[in-house]
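Just so we're clear, the structure is a prediction, and the values are computed from it rather than from any experiment.
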Amino acid sequence: MAELGHVTLILTLMVAVYACVASLLGSMRGMASLVDSAVYGLYTTPLLLVVATISLIYAFVTRDFSVRYVAENSDLAMPKMYTWVAFYAGNAGSMLYITFILALLVVGVLYYLRKNLREISGYTATILSLMLGFFVFVLVFYANPFDKLPVTPPDGQGINPLLVHLGMFFHPPMQMAGLISVVAPFSIVMGTVMAGKSGSDVWVEHGRTWGLVSWLVLTIGLMLGSWWAYTILGWGGYWAWDPVENSALMPWLVMTAFVHTVVIQRQRGMFRTWNLVLAIMAFSLAQVGMFLNRGGPVPSVHSFAESAMGWTFLVFMAITLFGSVVILVLKSSKQDNAGKLESLLSREAAFLFNNLLLLAIAFITLWGTIFPLIADLLNNETVSVGPPFYNRMNGPLILCLLVLMAIAPMLPWRQARFSQIWSMLRAPVAFALAVSCVLVIVGVRLPLAVVSFGIISLVIGSVLQEWVRGVIVRHQRGESFGKAFIRLVLSNRSRYGGYIVHIGIMLLAIGATGSSFYATQEDFSLAPGESVSMGNYTMRYVSLDSEEYGNRLEEEALFDVTRGGHHIGDMKPVRAFYPGHNVGATKAAIWSTPLEDFYIVPSRFDENGRGVFRVHIFPLVWWMWASGPVLVLGTLVAISPRRSAHDRSEESQAV
């Protein structure tokens, strides 16, 4: 099976090379049949890569330790349910996974374009086959998952114990899929430029659709990563500005800018070149993320081991970035913007400021991520950039971004008067002030926290105002309130789907604000039978249960916890130690409510059962996890097809 998998990789590389050359020549010479042959060839690549994927999974399931990758990432003690985790636990397997996702994207994008925008599909196929060819080339020559060992060992080295967690089934594959998904809007943009269509808006709706798909996958990957770190790994937090975390955040920020300003291009014919540049920037930052994930020299707590493959990605990123800029300059010289920015008090200007803030946050994050590498190269010194830098630099920009989220959607096109703006903002401002006053009365006194909650309330108030006004208008036409709300959303899915996403972002901001400003933490050393209080909570350490497994010692503490004198339940934090890897892993015990989380994570135990425990109280974190389904729902609404010409007419009136 390993030989079969290797052969299918070589066949996939041959197909990708042929498709790249044939689609380019066919597009340049107007030979539709040659383009068709290239596209049909690309349609076979997911099938070929399915064979390769099944071959590697089969090697894991059958414990074929003659395959180097299997021997390095599994052992006889590994439960077979973790075969899928082991599949992408190392560089070679994760590359195969990414390449398979890329092949699916290739088929999806090309099938979509040949139905909706056939005139750019040939050049888009050139871009996509080039990307696919690069990934398969790396698999064949740098990270062959089917490479054989000269001597078959009796057992493998085993999977990293920190990867044997439920979260590994969801977060890493989703984040990797998110990074590679940015190739979809990028290929549509570059296909448009190469076809000489960049001066028109024919691609905008399709670029927006695939931009939202990419944005959604990246969002889910980031949310799952935060949830995994917080609930399963027991890190005592959900975001640490780690380089691998940042690797998905940076393209997410740029894609957020892109999906906003393509709407301006659709409505006003503005920002054509700007949107092309944003797509190129997003893909370049996604490649930086793959460089970091593939073992680049920037230190991270959960990247792969350093390898030459990371530098291969960096070189390819430089080549694609340079090539994209050259093509953009040469092919879009006659590009014309139909609309001009008439006033700084307009929806167009607000969206542009929104873009600039998002890019500033992205490049501050990029600088903090790569600065240790620059310092090492220039001064041969080891430095680290921690959360205080990112929080201090990005925090004010994020607050400004939230203010724009409240104002921008309500501004009119072209030009607004201050009286108009005040008329639209009076009710949301009153709502925000009322919320701020209530918070101060109940004890929220930190100025930055009050400002943050006030801005969040302003955004929520502005969205509610738009919904209420729209529902009232429809209700006055004879519709029930429920039917009026549903039809309002469906009549302008782009606009109201965006509002739902904004509500989701505000829920996330509520959780981040509460947990950032009001979280408390204490360390306790307790023996069984001892009790300690923290805030309104009292926790009694009841007992310690230890159990040895084949590859680890697992210790589970039992706590009886009360809040305000009322019993809330038993909590069981766990610590496991893996002697073979000399690695410890923890799992926090969490009691969660919409108001706050009570969080216990063990640090160590001695032979008498005494343990050291870190205890946190995180206010409002629950709202972060509640934001996930809302973000998904809003994006699906915004991306869903419009039903009729009447819907399109309504949607064209506003964003």
Side-chain angles (χ1 to χ4, degrees), residues 162 167 171-172 175 221-253 285 288-289 291-293 295-306 310 357-401 446 448-449 452 508-509 511-523 583-586 588 597 599 601 603 612 614-621 624:
L162 296 180
H171 163 55
Q175 179 156 319
L222 286 166
M223 291 296 296
L224 287 175
S226 297
W227 169 82
W228 182 33
Y230 181 77
T231 62
I232 296 178
L233 294 181
W235 284 2
Y238 46 80
W239 189 261
W241 296 101
D242 180 81
V244 174
E245 295 172 335
N246 295 345
S247 71
L249 176 65
M250 293 183 292
W252 181 87
L253 290 165
L285 288 173
V288 170
F291 161 65
L292 296 174
N293 279 278
V298 180
S300 167
V301 297
H302 53 350
S303 64
F304 295 107
E306 185 174 341
L357 287 170
L358 287 165
L359 293 183
I361 296 169
F363 284 102
I364 287 172
T365 304
L366 176 63
W367 174 249
T369 302
I370 66 173
F371 181 75
L373 172 60
I374 296 174
D376 184 42
L377 290 175
L378 296 182
N379 300 321
N380 196 28
E381 62 176 318
T382 301
V383 299
S384 62
V385 178
F389 165 80
Y390 296 103
N391 295 337
R392 186 165 54 249
M393 298 297 293
N394 285 336
L397 298 180
I398 293 173
L399 288 177
C400 292
L401 193 62
L446 291 176
L448 281 178
S452 181
L508 191 152
T513 301
S515 59
S516 297
F517 286 105
Y518 289 99
T520 56
Q521 169 189 308
E522 290 190 49
D523 293 328
V583 169
T586 59
D597 283 12
Y599 186 105
V601 59
S603 299
V612 176
R614 177 158 291 180
V615 183
H616 304 262
I617 298 176
F618 291 114
L620 304 179
V621 167
M624 294 190 67

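- Expressed to the nearest 0.5 Å, how far CG of L358 lies from CD1 of I398 amounts to 10.0 Å.
- Between M223 and L508, the shortest heavy-atom contact is SD-CD1, 3.6 Å.
- Atoms CG and CD1, from L401 and I361 in turn, are 5.5 Å apart once rounded to the nearest 0.5 Å.
- Side-chain atoms of S452 never come within 3.5 Å of backbone atoms of A449 as a donor-acceptor pair (strictly under, hydrogens ignored).
- In terms of heavy atoms, G289 sits closest to S247 at CA-CB, 3.3 Å.
- With rounding to the nearest 0.5 angstrom, the OG1 atom of T369 is 9.0 Å from the CH2 atom of W241.
- Classification of the Y599-Y230 ring pair by plane angle, with boundaries at 30° and 60°, yields tilted.
- Closest approach of S226 to W239, counting heavy atoms only: OG-CE3, 3.8 Å.
- With values rounded to the nearest 0.5 angstrom, T513 atom OG1 is found 10.5 Å from Y518 atom OH.
- Considering V288, L366, T365 in turn, T365 is the only one that fulfils the side chain to side chain contact (heavy atoms under 4.5 Å, CB included) rule with N246.
- Looking at heavy atoms from C-beta onward, V385 lies out of side-chain contact with W367 at the 4.5 angstrom threshold.
- What you find for G511 and M624 is that their closest heavy atoms are CA-CG, 3.6 Å.
- Residues S515 and A512 come closest through the heavy atom pair OG-O, 3.4 Å.
- A distance of 14.0 Å separates CG of L285 from CH2 of W252, quoted to the nearest 0.5 Å.
- Taking CG of L249 as the reference point, atom CG of L222 lies at 6.0 Å (rounded to 0.5 Å).
- Taking the six-membered ring where the residue is Trp, F618 and H616 present parallel rings, their angle staying beneath 30° rather than reaching 60°.
- Judged purely by atom type and a 3.5 angstrom limit, E245 uses its side chain to pair as donor or acceptor with the backbone of A240.
- For the pair V601 and A588, the tightest heavy-atom approach, listed with the atom from each and the gap, is CB-CB, 4.3 Å.
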